[in-house]
Structures are given as C-alpha cells and as structure tokens.
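Both backbone and side-chain heavy atoms feed into the values below; hydrogens, waters and symmetry mates do not.
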Amino acid sequence: MSSIRKRTNGIYECRFYYNKKYYSVYSENLKELSKKKIQKLKEIKETINNNIIYNFDNLNQWSIYWLENFKKPFVKEKTYNEILSYLKNHIIKHLGNIKLKNINSQILQEFFNQYSKSRTKEIIFLYLNAVLQKAQDIGLIKINPLKAVVKDKKIKTNKLSFTFNEQKLILEKLKEPLKNIILIYLLTGLRKNEINQIIEINENYIKVVKEKSDNEIKTISLTTKTIELIKETINKKINTDYISKQFTMFLKENNILNKSLHTTRHTYATNNYYLETPIKHLQEFMGHKDIQTTLNIYTNLDNSIKKEELIKLYNNNYYIVKI
C-alpha cells in the first residue's frame, strides 16, 4: 500500500507501508520517485534479513535457514531433499542444539570420528562445511572450525577409481550406445547429471553448468575426437538414472564390485594425474572450489596406470595439457 502526493515545494513524496511501518521517499519527478521507492524497499528487506540472520542462536536454526535461503532457490528438488536428509539425520541430530559460537574443532572432530563409512562422512563434511563457511562469510562466526578437522584417512587412500585393467575391460565389453556415454564420462569427468547441462560445445572445449551449484559454469578442455563423440552421442536428453543402473549391472556382471557411474569421475582425475595434467588445470576441469578435494579425494595412486598405455587405450582421446 502506497500513496503519492506533490508537496507545496514542488517535490513529490511517496509514502508506503511495509512490515508494520511507514516509510517515505522524495524526488522532483515521478519516474525517479518510483526508482527510489524500489531501492528503499530493497534496503529495508536486506536490513530485515540481516536482523533475522544475526538472531540465529544454534546450528539447528542456522542450518535450516541456510538450506532454505542459500541452497533451495538454486538446486533441484531432488538435491534439496538429499541435503535436508543429511542435515536432519546427521548434523542437526548430533550438533543442532549447540550454539554457533560454541562449536569448535574438537567437537567436530569427535562428531566425525564416530562415522566408519568414508563416503557418508565425506558428504556430511561437504554440507556442514558449506553451512559453517556461509556463517563465517556473513559474520555469524569468526572462523570456520571445520578447517582444522582431520578427515578419515580412508577417504584419502581408498581405491575409488577404476584400475587400468578395469578400464580396459569396460571399453572392450561395453556395448553401444552405453559404451559411448560411459566413454564421455571417462573423458570429461562430468558428474552424473552434468552430461545434460552442457551449454556450449566448441571445437576444443565444452562449457557446463556445474551440478549442485548456484548456476556456476566450468570449462573442460577436450580433444577434437572427444568433441565429435559428444556431438554424435548427446543429441537428446539422456536418462542418467537409467544409464547409472545399466552401468552398475554391467560392473557387477563383470565382477567389478563397489564401484559405480561416479567412479568414472574419480578415474578421470586419476588418469589426468598420470597424464601429468597440472593440478590447477585439473581442478578447473573437475569444477572443484578446493584444490584439496581434487588431490585428496578424487585422485588415487595406482601403479597399474602408465601414461603411454593410457594414451593408447583411449586412442589419443584424452586431452593432454601442453605446458
């Protein structure tokens, strides 16, 4: 609700009501008056939001607010529900009642030490880090205490990528059209759903909207052969759930256990390590914000992989960074 009047001095006044208060803006012309009202309203809303944020006390309140306001508007419903599940069943369940200012590295270290499954721990770590980092960014806490927490060594040493022989078996035994799709994953390091989020295909790179991000874009350098493979294969939206299930069945049938479609992403990182790709380039191709994620989680040491044999296996389809 608002009203506009022209004062005796010739200045226009717009008086409006918002959040149980009256506000006024002034201008010599109506067009400028409208702009000032919009700007004033924006400032009022920001002030109200900041006051709401700084009134948060415990991790329960803040993590839910973070999810609803900093993640939900930018992610798919499926991703939102996944994050909510991890927040409620792990983070809020064990840490929710602790005041933000009282959360320290010791409390978090003891919290993570109770988890035996490395993958579960890694996902919880990812979401909790996002929650606490945003709290630091806006001044709720001075530092992110999670940065001092030591993660499970298993996360760093697990063989999460396909061995050279497993890659060879996959490329030899997989049938079309599944083979080409899996080959694209192996040559690009794309996350499962990113294969449907390619927004630009150039002669030597692709641009992709990063999955589980605020519409951030990453650029992946590729060979001409790989670009041609992508153009030929991805001519319509791919049912990634179906591809994932079919590939998992294939792996089990060939006695490649405890690995999945996501393993192609770890394999891409590991292969690039043995192809001597500079880590900063690899971090950019993978779309990681933290280089330690690229180094310690996705890149695995595997003496079965040799650079020359890898190049030959993929028929020179892997992009080699020229230094």
May I ask you to decide if [Y]'s main-chain N or O and [X]'s side chain share a donor-acceptor pair within less than 3.5 Å?
X      : Y      : value
Gln197 : Val209 : yes
Ser105 : Val149 : no
Trp62  : Val131 : yes
Thr248 : Ser244 : yes
Thr263 : Phe162 : no
Lys218 : Glu284 : no
Asn113 : Gln109 : yes
Thr223 : Asn317 : yes
Asn29  : Lys31  : yes
Gln283 : His288 : yes

Which atoms form the tightest heavy-atom contact between [X] and [Y], and what is the distance?
X      : Y      : answer
Ile217 : Lys207 : CG2-CB, 4.0 Å
Gln136 : Ile143 : OE1-C, 3.7 Å
Lys37  : Cys14  : CD-SG, 3.9 Å
Lys259 : Ser161 : NZ-O, 2.8 Å
Gly189 : Arg265 : O-NH1, 2.5 Å
Ala269 : Leu282 : O-CD2, 3.6 Å

How about [X]: does its [atom1] atom have over 12 heavy atoms from other parts shown lying under 6.0 Å from it?
X      : atom1 : result
Tyr273 : OH    : no
Glu176 : CD    : yes
Asn104 : CG    : yes
Asn9   : CG    : yes
His281 : NE2   : no
Glu77  : CD    : no

Close side-chain approach of [X] to [Y], heavy-atom, < 4.5 Å:
X      : Y      : result
Phe285 : Tyr205 : no
Asp241 : Lys192 : yes
Thr277 : Tyr318 : no
Phe250 : Ile170 : yes
Lys210 : Glu194 : yes
Ile91  : Tyr86  : no
Lys225 : Tyr319 : no
Gln39  : Lys36  : no

Is there a chain of hydrophobic side chains (I, L, V, M, F, W, Y, each step under 4.5 Å between heavy atoms) that links [X] to [Y]?
X      : Y      : value
Ile279 : Met286 : yes
Leu126 : Ile92  : yes
Ile320 : Leu229 : yes
Ile182 : Met249 : no
Tyr242 : Ile195 : yes

Between Glu32 and Tyr12, does the side chain to side chain donor-acceptor pair (under 3.5 Å) criterion hold? Intermediate values first, please. CA-CA 10 Å; Glu32 185 66 26; Tyr12 288 100; over 6 Å; no
What is the distance from atom [atom1] of [X] to atom [atom2] of [Y], rounded to the nearest 0.5 Å?
X      : Y      : atom1 : atom2 : result
Ile103 : Leu95  : CD1   : CG    : 6.0 Å
Ile206 : Thr219 : CD1   : OG1   : 9.0 Å
Lys88  : Ser63  : NZ    : OG    : 10.5 Å
Lys71  : Leu87  : NZ    : CG    : 11.0 Å
Gln246 : Leu178 : CD    : CG    : 7.0 Å
Phe70  : Gln133 : CZ    : CD    : 12.5 Å

Apply the test side chain to side chain donor-acceptor pair (under 3.5 Å) to residues Thr267 and Asn271: give CA-CA distance (whole Å), side-chain angles for both, the deciding distance (0.1 Å), then the verdict. CA-CA 6 Å; Thr267 305; Asn271 284 350; 6.0 Å; no
Does NZ or CZ of Lys40 lie under 6.0 Å from the centre of the six-membered ring of Tyr23, at an angle within 45° of the ring axis? no
Test the Lys121-Phe112 pair against the cation-pi criterion, namely NZ or CZ under 6.0 angstrom from the six-membered ring centroid and within 45° of the ring axis. no
If the test is side chain to side chain contact (heavy atoms under 4.5 Å, CB included), which one of Ile220, Asn196, Ile230 qualifies with Leu190? Ile220
His90 ring center within less than 6.0 Å of Tyr115 ring center: yes
How about Asn180 and Glu232: does a side-chain donor come under 3.5 Å of a side-chain acceptor? no
Pairing donors with acceptors under 3.5 angstrom, does anything connect the side chains of Tyr274 and Glu309? no
Who else is in Ile11's hydrophobic cluster (ILVMFWY, side-chain heavy atoms under 4.5 Å, direct or via others)? Tyr26
For Asn89 and Lys93: C-alpha separation, side-chain torsions, deciding distance, then whether side chain to side chain contact (heavy atoms under 4.5 Å, CB included) applies. CA-CA 6 Å; Asn89 296 328; Lys93 180 178 179 180; 5.6 Å; no
Let's go through Ile98 and Asn58 carefully: what are the C-alpha distance in whole Å and the side-chain angles of both, what is the deciding distance for side chain to side chain contact (heavy atoms under 4.5 Å, CB included) to 0.1 Å, and is it a yes or a no? CA-CA 5 Å; Ile98 303 176; Asn58 59 31; over 6 Å; no
Candidate pair Thr79 and Ile83, rule side chain to side chain contact (heavy atoms under 4.5 Å, CB included), full reasoning: CA-CA 6 Å; Thr79 302; Ile83 300 173; 4.0 Å; yes
Working for side chain to side chain contact (heavy atoms under 4.5 Å, CB included), residues Asn204 and Ile227: CA-CA 7 Å; Asn204 53 15; Ile227 293 294; 5.7 Å; no
Salt bridge (charged side-chain N to carboxylate O under 4.0 Å, His left out) between Glu216 and Lys289, worked out: CA-CA 11 Å; Glu216 294 179 45; Lys289 290 184 178 180; 3.3 Å; yes
